[in-house]
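See structure below.
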Amino acid sequence: MKIFNSYTNQLEDFKPIHKGIVNMYVCGPTVYNYIHIGNARPVIFFDTVRKFFEHIGYQVKYVSNFTDVDDKIITKAIELEQTEKEIAETFITAFLEDVHRVHSMTDYTAPRVTEYMDHIINYISELMTKGYAYQVDGDVYFRVTKMKDYGHLSNRKIDDLIVGSRIESNDKKENPLDFTLWKKTEIGITFDAPFGEGRPGWHTECVAMIDDVFGEKIDIHGGGSGLMFPHHENEIAQSIALNNHNIANYWMHNGLLNIDGEKMSKSEGRVLLVRDLTVDMNAFRLFTLSTHYRSPINFTDEVLASYEKEWDKIERIYKAVYLKLDLADMLYANAKVHPDLLKIYKDFLDAMKQDFNTPNAITALQDLTKMANQMHRSKTEDEVLLSVIKVFDDIFFVLGLQVDITPLSKEDKLLYANWNKARKEKDFDKADEYRATLIEKGILS
RNA sequence: GGUCCCGUAGCCAAGUGGCUAAGGCAAUGGACUGCAACUCCGUGAUCACCAGUUCGAAUCUGGUCGGGACCUCCA
């Protein structure tokens with residue numbers, strides 16, 4: 001298993017801290033709005049990472065937070081004349097619906113900032129005690145210059161950042177790069193802390209949560225590449241300051257998603273929400289995984305349409321093989337391995353083990369689709385066809401693809417038999433009628 | 001101004017030093033077929049350009065052109 005580690009900027013062998021267990025944390029959403037398809041990329045990708053680890057036998061502890069205290073939430077609350085809590089609840093629910101919608105698991109641990117206020121405040125207090133943070137007028141800032149290695153993850157130098165940074169009006173900071181740990185504020189929800197009323201900056205929550213939930217360094221920390229700087233850099237700075245480690249052995253960052261070649265932009269109205277997608281989610285999932293996760297991906301109707309077609313083809317043959325087995329009462333028989341199928345399955349695993357090369361994993365799925373079609377047309381034993389289904393099922397599980405199918409009822413089987421009988425007797429009018437019914441019932445396509 | 005990424009057939013996309021550059025979509029020829037749908041088989045690129053390193057480069061180095069990101073909240 002190879003993973004590209006953003007921290008070291010190289011491909012590395014994956015070695016879990018605890019044998020057979022993967023502890024991973026993925027930065028979750030700030031819940032002030034419905035998520036767009038760009039937000040869905042990490043949701044889909046890291047879900048696939050999780051499922052792959054589970055498929056090859058790991059026990060995965062997957063944690064992803066909800067940022068339910070934030071300026072954007074407060075702004076929204078004021079705008080809609082609701083409380084921050086109501087806004088957060090609304091969009092947490094909506095988020096989980098969307099996660100489910102894109103076929104990602106929702107059963108992970110999801111700590112919220114509001115539940116972690118004590119931890120966050122303690123964390124900040126400790127940073128102050130150790131001299132890594134300082135207080136000015138009720139605000140608390142992290143002293144970046146005290147971190148020798150600041151900028152390692154995002155490959156930046158402090159000097160370059162200072163030169164490049166635009167002049168800030170905030171002259172409270174010792175250094176313009178220092179980031180906010182606690183913010184004094186009069187607007188919106190506030191919390192009581194030793195350093196005054198206010199609310200936390202958003203860089204402390206993740207480290208505080210990881211510290212509490214896992215209690216040690218974790219295996220994988222993931223998120224979009226847009227978070228690498230400054231968010232993840234700041235997480236690392238705090239963790240090194242307090243715990244003397246950089247949080248995770250492997251840092252993984254997914255590339256961004258563009259629409260028609262341009263970045264999604266709320267201000268320019270170029271945003272597509274997950275809940276506004278009208279395409280089959282399997283097609284969307286294939287689209288999302290069709291480009292390697294570290295590369296940027298471009299959303300266009302044309303490309304999406306090709307994946308709709310692709311999924312249709314995959315689903316069609318899966319259902320056809322399933323139907324054939326169902327009619328032969330072979331769904332629960334013993335599958336027989338076939339060398340070509342084994343090779344495809346191995347290709348799939350190899351692709352995934354190579355830093356989650358989902359494009360090549362999908363190629364294996366396409367190979368399987370072709371082989372399934374060939375076998376379906378030829379006189380292949382049902383036991384082998386059953387293993388076709390099994391390989392499909394494995395790949396579907398990992399990639400998060402779902403075929404809606406159930407075994408036939410007795411009436412359906414009879415209907416199917418009648419259709420065949422009519423065709424054999426060349427009673428095509430009757431046959432077409434039966435076929436129409438079978439299609440209507442979703443048995444044929 | 002600083003930092004960084006990318007440019008493979010009409011479209012999407014693997015491959016990152018070595019057999020004839022995967023795969024899919026589209027297109028096109030053929031096969032199968034009661035009709036329709038589906039499916040299967042065949043057909044396409046010297047890898048933006050130039051110069052170098054090397055026995056050998058799409059893959060490494062330098063340059064040119066083109067596209068994009070970040071340095072401020074951002075998946």
Side-chain angles (χ1 to χ4, degrees), chain A residues 9 11 26-30 32-33 35-46 64 67 70-72 75 151 154-157 159-168 176-177 179 201-202 222-231 253-258 261-267 286-287 289-310 312-314 316-317 319-320 347 351 354 357-367 369-378 422-429 431-432 435-436 439 444-445:
Chain A
N9 233 326
L11 212 54
V26 178
C27 286
T30 299
Y32 71 105
N33 213 334
I35 60 165
H36 60 240
I37 57 174
N39 296 309
R41 194 174 186 193
V43 168
I44 291 173
F45 174 67
F46 288 108
S64 185
T67 301
D70 183 275
D71 284 0
K72 280 173 282 197
T75 306
S154 53
N155 202 16
R156 288 156 208 250
K157 296 186 183 74
D159 290 346
D160 291 343
L161 286 167
I162 293 171
V163 171
S165 70
R166 288 159 207 175
I167 298 152
E168 291 201 35
L177 291 184
F179 56 90
W202 77 299
S225 58
L227 293 179
M228 195 186 269
F229 185 89
H231 187 53
H253 292 94
N254 64 272
L256 303 185
L257 180 147
N258 297 317
E262 296 192 66
K263 183 179 173 175
M264 264 195 283
S265 156
K266 273 168 206 153
S267 55
L286 279 177
F287 160 76
L289 298 173
S290 69
T291 298
H292 187 87
Y293 75 93
R294 284 188 278 120
S295 301
I297 188 168
N298 189 30
F299 182 96
T300 65
D301 290 337
E302 186 188 0
V303 173
L304 196 63
S306 82
Y307 286 103
E308 285 190 274
K309 204 158 184 176
E310 194 59 38
D312 186 54
K313 185 171 169 178
I314 295 166
R316 195 186 285 275
I317 188 61
K319 282 185 169 176
D347 287 346
Q354 197 61 35
N357 192 325
T358 52
N360 283 344
I362 289 172
T363 296
L365 175 59
Q366 290 169 327
D367 290 344
T369 302
K370 180 175 283 190
M371 184 167 297
N373 270 301
Q374 288 165 336
M375 286 180 166
H376 182 62
R377 294 265 162 144
S378 59
R423 282 200 299 167
K424 212 169 238 173
E425 291 166 357
K426 296 194 191 290
D427 184 350
F428 297 123
D429 287 341
D432 287 350
R435 184 172 63 188
I439 289 173
L444 287 182
S445 49

Inset, instruction - Kindly compute the distance separating CZ (Arg377(A)) from CD1 (Ile317(A)), expressed to the nearest 0.5 Å. - result: 8.0 Å

Legend entry - Integer angstrom distance from the C1' of G56(B) to that of U46(B): 15 Å

Inset, instruction - Rounded off to whole Å, could you give me the CZ-to-P distance for the Arg41(A) and A69(B) pair? - result: 15 Å

Legend entry - Gap separating the CG atom of Asn254(A) from the CG atom of Leu227(A), nearest 0.5 angstrom: 8.5 Å

Legend entry - Value in whole Å for how far the P atom of A75(B) lies from NE2 of His36(A): 7 Å

Legend entry - For atom CD1 of Ile317(A) and atom C1' of G24(B), their distance in whole Å: 17 Å

Inset, instruction - Could you tell me whether Asn373(A) contacts a base, only the sugar-phosphate backbone, or nothing, with contacts defined as non-hydrogen atoms closer than 4.0 Å? - result: sugar-phosphate

Legend entry - Most 5' of Ser290(A) and Asn258(A) on RNA chain B, judged by nearest nucleotide: Ser290(A)

Inset, instruction - Specify the residue among Arg435(A) and Gln354(A) whose closest nucleotide of RNA chain B lies further upstream toward the 5′ end. - result: Gln354(A)

Legend entry - Arg316(A) side chain reached by Thr369(A) side chain, heavy atoms, under 4.5 Å: no

Inset, instruction - Between C25(B) and U59(B), how far apart are the C1' atoms? Round to whole Å, please. - result: 26 Å

Inset, instruction - Using the C1' atom as the reference point in each nucleotide, state the distance between U33(B) and C41(B) in Å, no decimals. - result: 16 Å

Inset, instruction - Please work out if Gly223(A) contacts a base, only the sugar-phosphate, or nothing of the nucleic acid, heavy-atom cut-off 4.0 Å. - result: sugar-phosphate

Legend entry - Whole-Å distance separating the CZ atom of Phe45(A) from the C1' atom of A75(B): 13 Å

Inset, instruction - For Thr363(A), answer base if it contacts any base atom (sugar-phosphate contacts may also be present), sugar-phosphate if it contacts only those atoms, and nothing otherwise; contact means non-hydrogen atoms under 4.0 Å. - result: base

Inset, instruction - May I ask you to evaluate whether Lys313(A) reaches the phosphate of C25(B), defined as a side-chain N or O under 4.0 Å from OP1 or OP2? - result: yes

Inset, instruction - Compare side-chain N and O positions of Lys370(A) against OP1 and OP2 of G23(B) and report whether any pair is under 4.0 Å apart. - result: no

Inset, instruction - Considering just the side-chain nitrogens and oxygens of Lys319(A), establish if one lies under 4.0 Å of OP1 or OP2 belonging to C38(B). - result: no

Legend entry - Arg41(A) side chain reached by Ile297(A) side chain, heavy atoms, under 4.5 Å: yes

Inset, instruction - Send over the distance from Arg423(A) CZ to U33(B) C1', rounded to a whole Å. - result: 10 Å

Inset, instruction - Please report, rounded to the nearest Å, how far the C1' atom of U3(B) is from the CZ atom of Phe229(A). - result: 11 Å

Inset, instruction - Would you mind classifying the nucleic acid contact of His292(A) as base, sugar-phosphate or nothing, using non-hydrogen atoms under 4.0 angstrom? - result: sugar-phosphate

Legend entry - Selected nucleotide, minimal atom distance to Gln366(A) side chain, candidates G23(B), A14(B), C11(B): G23(B)

Legend entry - Closest to side chain of Lys72(A), choosing from A75(B), C73(B), C71(B): C73(B)

Legend entry - Complementary nucleotide of A13(B), counting Watson-Crick and G-U pairs under 3.5 Å: none

Inset, instruction - Looking only at side-chain atoms of Glu302(A), point me to the closest of C12(B), G24(B), C11(B). - result: C11(B)

Inset, instruction - Counting Watson-Crick and G-U wobble pairs only, both distances under 3.5 Å, name the nucleotide matched with A58(B), or none. - result: none

Between the protein and nucleotides 29-31 of chain B, list the N/O to N/O atom pairs that are separated by less than 3.5 angstrom.
none

Legend entry - Salt-bridge criterion met for Asp367(A) and Lys370(A) (N-O under 4.0 Å): no

Legend entry - Distance in angstrom units between Arg294(A) CZ and A14(B) P, rounded: 11 Å

Legend entry - C1' gap between C5(B) and U16(B), integer Å: 15 Å

Inset, instruction - Report the residue from Ile314(A), Asp347(A), Thr358(A) that forms a side chain to side chain contact (heavy atoms under 4.5 Å, CB included) with Leu365(A). - result: Ile314(A)

Inset, instruction - Using a heavy-atom cut-off of under 4.0 Å over every strand shown, decide if Asp432(A) touches base, sugar-phosphate, or nothing. - result: base

Legend entry - Nearest-neighbour nucleotide for the Thr291(A) side chain, A69(B), C25(B), A13(B) considered: A13(B)

Inset, instruction - Please give the nucleotide sitting opposite A21(B) as a Watson-Crick or G-U wobble pair, both distances under 3.5 Å, or none. - result: none

Inset, instruction - Compare all side-chain heavy atoms of Ser290(A) with those of Tyr307(A) and state whether any distance is below 4.5 angstrom. - result: yes

Inset, instruction - Give one of base, sugar-phosphate or nothing for Leu257(A), where a contact means two heavy atoms less than 4.0 Å apart. - result: base

Inset, instruction - Measure the distance from CE on Met371(A) to P on G24(B) and round it to the nearest whole Å. - result: 13 Å

Legend entry - Pair assignment for U28(B), Watson-Crick or G-U wobble, requiring both distances under 3.5 Å: G42(B)

Inset, instruction - Using the C1' atoms only, state how far G10(B) lies from G30(B), rounded to an integer number of Å. - result: 23 Å

Legend entry - Atom P, compared across G29(B) and A22(B): separation rounded to whole Å: 25 Å

Inset, instruction - Check the angle between the aromatic planes of Phe299(A) and Phe287(A) and answer parallel, tilted or perpendicular using the 30° and 60° thresholds. - result: perpendicular

Inset, instruction - Could you tell me whether the side chain of Ser225(A) and the main chain of His253(A) form a donor-acceptor pair under 3.5 Å? - result: no

Legend entry - P gap between A58(B) and A9(B), integer Å: 15 Å

Legend entry - N or O in side chain of Asn298(A) less than 4.0 angstrom from G68(B) OP1/OP2: no

Inset, instruction - Please determine, for C4(B), whether a Watson-Crick or G-U wobble partner exists with both distances under 3.5 Å, and give it or none. - result: G68(B)

Legend entry - Side-chain touch Ile44(A)/Leu289(A), heavy atoms, less than 4.5 angstrom: yes

Legend entry - G62(B) to A57(B) separation - C1' atoms, rounded to the nearest Å: 15 Å

Inset, instruction - Look at the side chain of Arg316(A) and decide which nucleotide, out of A14(B), C38(B), C40(B), has an atom nearest to it. - result: C38(B)

Inset, instruction - Please determine, by modelled atom types, if His36(A) and Asn39(A) share a side-chain donor-acceptor pair under 3.5 angstrom. - result: yes

Inset, instruction - Answer yes or no: side-chain N or O of Arg377(A) and base N or O of C38(B) forming a donor-acceptor pair under 3.5 Å. - result: yes

Inset, instruction - Classify the nucleic acid contact of Leu256(A) as base, sugar-phosphate or nothing, counting any heavy atom under 4.0 Å across all strands shown. - result: base

